[in-house]
Every structure is written in C-alpha cells, then in structure tokens.
There are 2 protein chains.
Amino acid sequence: MTEEEFLRSYDAKSFERPSVAVDLVLMSVRDGQVVAVLQQRSEHPYQGHWALPGGFVQIGESPDEAATRILKDKAGMDQCFLEQLYTFGAPDRDPRTHVISIAHFALLPFERFEKALDRKADLALATIDVPWKGEAGGAVRALDRQGSKLSLAFDHDEILGLAVKRLRGRLDYSPIAFALLPALFTLRDLQDVHQAILGVEFRKPAFRRRMLDAGWIKGTGKKESGQTFRPAELYTLKKGVKNGTD
Amino acid sequence: MTEEEFLRSYDAKSFERPSVAVDLVLMSVRDGQVVAVLQQRSEHPYQGHWALPGGFVQIGESPDEAATRILKDKAGMDQCFLEQLYTFGAPDRDPRTHVISIAHFALLPFERFEKALDRKADLALATIDVPWKGEAGGAVRALDRQGSKLSLAFDHDEILGLAVKRLRGRLDYSPIAFALLPALFTLRDLQDVHQAILGVEFRKPAFRRRMLDAGWIKGTGKKESGQTFRPAELYTLKKGVKNGTD
DNA sequence: CCAAAAGTGTTTTAGTTACACCCATGG
DNA sequence: CCATGGGTGTAACTAAAACACTTTTGG
C-alpha cells in the first residue's frame, strides 16, 4: 500500500477533536557534537523516514507523565532532565488527522544514552547540525555516522531546530549543561559541552572563571585519571542547584 | 493487526481522549501596574470565580488560530502580540474532564484594552501582583479596583504567574515591551512599563542609554504635548524590529 | 523667574578578556 | 626532561552605573 492509498483509506472524519501526543527530543553531546535519538518509521505515513520517539497522551495522564512513560518505554531511560518545549498543532502536520503534539526535551549524559541504545534496536543516534543564521535559526540537519542527511518525518525538523535553539538560549542563564554531564566532571568536559552546543570556541581561563563565578559548581579535591597529562580536578554541582534532573 | 485495524480500534474509543483548549492571558500596564482581563464564571464549575478567557480548539484549527479566534470573539481584540506560553495538562485541572490547555499570552497597549472592554460587559480588568520571591516566583494575586483579592478558577493562578514570570524574563532580551505601548511613545512611557513589570525603579540616564543602545527604537523628532513640563521626544520602533505584533 | 521633568557629558566602577606564565603528570 | 594539557596571576579593555549638569516647557 502506498502512502497515498493509506491516506485515502484513512477516515479522519471520525475524529471530532484533535488528538494529543507527546514527542521527545532526547539530546546529548558526543565528541563535540550534539546528538539526538531518532526512530526509523516502519509504517505509513512517512515510512522509512526518521522520527522523534513519541506517543499519545492517555486520558487521566498529564503531558509530563506521558513524556516520562514514553521515555521509559520507547527509549529505556529514566531520571533525567525533562522539560516541556513547545506545543505544535498545525492541522496538517500529521497526514492522518489533526494531532497536537506537546514536544518535550530530555537531556542525558552520553554514557546513559549508550546503555539505553544497546537495549533498543530500533533507535539510532543522529548528529544534529543547526547553523546559526541569526535569530531565525537555520534549517536543522540530522546526520548519521557516515554524515548522510536523514530525512525526518512530520514537522520533526522544526521541533529539533527549536530544541537546539532553546538549549543554546538557556545555556548561559541556567545550569542546564550539567544535565549532559555525569555527577563528576572536569572543567574541560563542561567547556566541551558548551562549545558543542553553541558551536564556538572559548578561551580556557575566561571560560573557567565564568563557570566558577556562576556559583553552580564546587571542586571535590578528587582528580581524573587515565590521562597521559596532568589530571584535572573533578567538579560537581553544588547542593541546591536544580538542573531539572531531581 | 494492521495499522488500519489499529486505527479503527483507536477510533472507537476516541471519546476517551483529553480535550484541547486555549486559555488567554491578556495583559497590559495601567498606572504602573500590570493588569489582565478576567471573565466571571456564571456557571458551574467554579461559579462566581474569575477565569481567563478561553475555549476549545476545533479540529482543523491550529492552536494559534484558536487563540486568535478567542481573542476576537471573547475579548473583541485583534492584531496584537500573541505567543504560546505553556501547555497545562494535569488530569484534575478541570473537574469535568481531562482538558489540556495551551496557554497563550497577548499584550496590548492599554488604550486598545479599554475600547474592547467597553464593548464586552462580562469582562473585567484585574491588577496582577506577583511578588518576586527568587526564582520560584511567589503566588499570584489578582485584585479588583478596590484592592480585593479575586478568586481564580481552575489553575488560572498558576497560568497568570507563569505569564508574568515569562514577561519579566524576556523584557531585557527582546523588544516585547513595545507590544504594550502605542506606536509613538516617550522614553518615560517605556521606563514606566519596565518598572511596572519588574517592580523595580531605574535611574533615568542609565535606562535611557540602555534602551537607545539596544537599537530597537529611533526618535521621530515629534514631541508629546499637553504636559505642564518640557515635552519629551516621541520614539518609535525601528523598521524590521519584530515585537510579534506584525 | 520657578518648578518639573527632559536630556547630556564625565567620572567611577566593575566585570570580562587577553596574555603570559607556572604546575603536574606519563613516558 | 619534554610534551601536554591543567591551572593562576596581571594588565588592558569595555560596558555600565552614578553623578552632576544643562535644556525646555507652562504658569
């Protein structure tokens, strides 16, 4: 059956109200690149295209609860930074019927990403590339490990673009970056995360002081190990600093 | 089960899905106070309580279109700054059934507010008082002209609180304040708006330069009139600066 | 001329950047 | 003892705030 046939046979008139769904943008940073979890669609519509993990909101369930459920069931992850992003509701964004989707974004340190992905064969990691292009934010590109552009389903390119834009905007003003790092991290790790998200390079001393002055982190006295150079001190979030993971 | 069969079975229990609504926070500034439009409920639930103007999203209608429609039908206003705020979806927020509400906020200069309110008898203007109380943002209080506290329906106090918080957060970084001013305004008008929203006082020269340096406005050469003191120059938004009203 | 508020120039301060340097580790 | 990256002090620069001041109107 082609997509066209599928859409013809689909009875949209029986839906009197819009449906409500949740889509998740699961993001992390790997090797200086922003990555996100995508799922290849095996069925119509958008068969073969890549989509954000999502699902419908059940009655009696808040959107946040739905997001947590989908995060657990579809991606096998829990206990992470999870925040509502924006609600997308153009009537034609889903060819089946009017689906209003409450997009959330979730941030995890990459180690936890990897573990979950090993258990879920249908998930893939895409490198997300959003050029700056002023305020508007250029078109998002999702790339596989070979650098080929992935074709996204629905309006999920728009959702991804907004997620990156939001992430960039909040980086300076909130401790959101720590949701992408393990409990103990070096200042270099933190700088790498910032540089990956913003797509710029910082000078080490300036970045270092800016972070320490922000008052979010404290040194632990412990040092990293396994490096061939001088080990860096491990830092951690101060108690009482909320990055949304709690 | 084929997708078609799945969709048929999903369709059968479509009455069990949450409804989708839009609630509007219509805000302005009057005499150094933030004000919002409220509607007194004549029926259960929350009979006699005050509520934000709102309505259900029709199928085939985007949330933004629904917000525009409600703005026009219920409040008699159009062509104003209108932006999605947050989606509230706790299952018990409406005692009738599970209603997911996409809250929007709308900003207008007070003159346009007044005109519309004269034509709609069921609407009232409330002074909105949100104490600072750090990041969390204290509980919102809606007051009538006599200063009596109005009792709000549903979770509308929470929505109002978030709207004020968002307004405060964006004031410095975006030209949002100009949606609350007429096309021609003095720097004092602009300062009054900022002070009302943030609840702080600024020194005139500092505020003046900060605004001019931001590059959003330009002088017109015209002067205000009707004052007993030196008339101030009238400023206007530069072309190309979007404050969402366009 | 006076009161009131508009509007401007100058100094002070604070915060950020740039640069140069020293330190600790593995090999 | 050398290469590599971690970490720190100082000077230069820049942006904002504080203050004192001049200007323009109505009465």
Side-chain angles (χ1 to χ4, degrees), chain A residues 29 31-32 168-169 171-175 177-178 181-238, chain B residues 29 31-32 168-175 177-178 181-196 198-238:
Chain A
V29 168
D31 302 335
R168 284 175 177 167
L171 207 53
D172 284 342
Y173 308 104
S174 82
F178 304 106
L181 291 167
L184 293 176
F185 53 87
T186 65
L187 287 171
R188 173 174 31 86
D189 294 335
L190 182 58
Q191 186 171 351
D192 286 345
V193 165
H194 277 247
Q195 292 181 161
I197 293 170
L198 296 176
V200 294
E201 302 254 309
F202 296 108
R203 322 249 181 276
K204 190 180 23 161
F207 181 82
R208 179 187 180 78
R209 264 182 280 248
R210 191 151 59 85
M211 285 302 126
L212 293 173
D213 288 351
W216 292 323
I217 61 175
K218 60 166 191 260
T220 61
K222 296 177 196 160
K223 309 266 160 158
E224 66 176 347
S225 61
Q227 304 298 129
T228 173
F229 44 79
R230 172 174 172 180
E233 180 165 10
L234 292 167
Y235 286 78
T236 190
L237 255 193
K238 278 186 189 167
Chain B
V29 168
D31 302 335
R168 285 175 177 167
R170 295 195 46 183
L171 207 53
D172 283 343
Y173 309 105
S174 82
F178 304 105
L181 291 167
L184 292 177
F185 53 87
T186 66
L187 287 170
R188 171 173 34 86
D189 294 334
L190 182 58
Q191 185 170 351
D192 285 345
V193 165
H194 277 247
Q195 292 182 162
L198 296 176
V200 293
E201 303 253 310
F202 296 108
R203 322 249 182 278
K204 187 178 31 157
F207 181 82
R208 180 187 181 80
R209 263 183 281 250
R210 193 151 58 86
M211 285 302 126
L212 293 174
D213 289 352
W216 291 323
I217 61 175
K218 60 167 192 263
T220 61
K222 296 176 194 160
K223 308 268 161 162
E224 66 176 346
S225 61
Q227 303 299 126
T228 174
F229 44 80
R230 171 176 173 179
E233 181 166 10
L234 292 168
Y235 286 78
T236 189
L237 255 192
K238 278 186 190 169

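Only this structure's heavy atoms are used, side chains among them; waters, hydrogens and symmetry mates stay out.
Using a 30° and 60° split on the angle between ring planes, B:Phe178 and B:Phe185 fall in the tilted class, from 30° to 60°. The aromatic rings of B:Tyr173 and A:Tyr173 sit tilted, their planes meeting at an angle between 30° and 60°.
The CG atom of A:Leu184 lies 10.5 Å from the CD atom of A:Glu233; values are rounded to the nearest 0.5 Å.
Checked by distance alone, A:Arg210 brings no side-chain donor or acceptor within 3.5 Å of a matching partner on the base of C:dG15. No hydrogens or angles were tested; on distance alone, a donor-acceptor pair under 3.5 Å links the side chain of B:Lys204 to the base of C:dA6. Side-chain to base pairing of B:Arg230 with C:dA6: one donor and one acceptor N or O lie within less than 3.5 Å of each other. With hydrogens and angles ignored, no donor-acceptor pair under 3.5 angstrom links the side chain of A:Arg188 to the base of D:dG7.
For the pair A:Arg208 CZ and C:dA20 P, the interatomic distance rounds to 19 Å; values are reported in whole Å. The separation between B:Gln227 atom CD and C:dA5 atom P is 9 Å, rounded to whole Å. Rounded to whole angstrom, the span from the CZ atom of A:Phe207 across to the P atom of D:dG5 amounts to 18 Å. Taking atom CD of residue A:Gln191 and atom P of nucleotide D:dG6, one finds them 9 Å apart after rounding to whole Å. Computed from coordinates, the B:Glu224 CD to D:dT25 C1' distance equals 10 Å when rounded to whole Å. One can place CG of A:Leu190 at 13 Å from P of D:dG6, the figure rounded to the nearest angstrom. With rounding to whole Å, A:Phe185 atom CZ is found 15 Å from D:dG6 atom P. When the C1' atom of C:dG15 is taken as reference, atom CG of A:Asp213 falls 9 Å away, rounded to whole Å.
In this structure, B:Pro231 and B:Thr228 both approach DNA chain C, and ranking their closest nucleotides by distance from the 5' end singles out B:Thr228. In this structure, A:Arg209 and A:Ala232 both approach DNA chain D, and ranking their closest nucleotides by distance from the 5' end singles out A:Ala232.
In this structure, the side chain of A:Thr220 engages the main chain of A:Leu234 through a donor-acceptor pair within 3.5 Å.
A cation-pi arrangement, defined by a distance under 6.0 Å to the six-membered ring centre and an angle within 45 degrees of its axis, is present between B:Arg210 and B:Phe202.
Remark: A:Arg203 is not in phosphate contact with C:dT17, judged by side-chain N or O atoms under 4.0 Å from OP1 or OP2.
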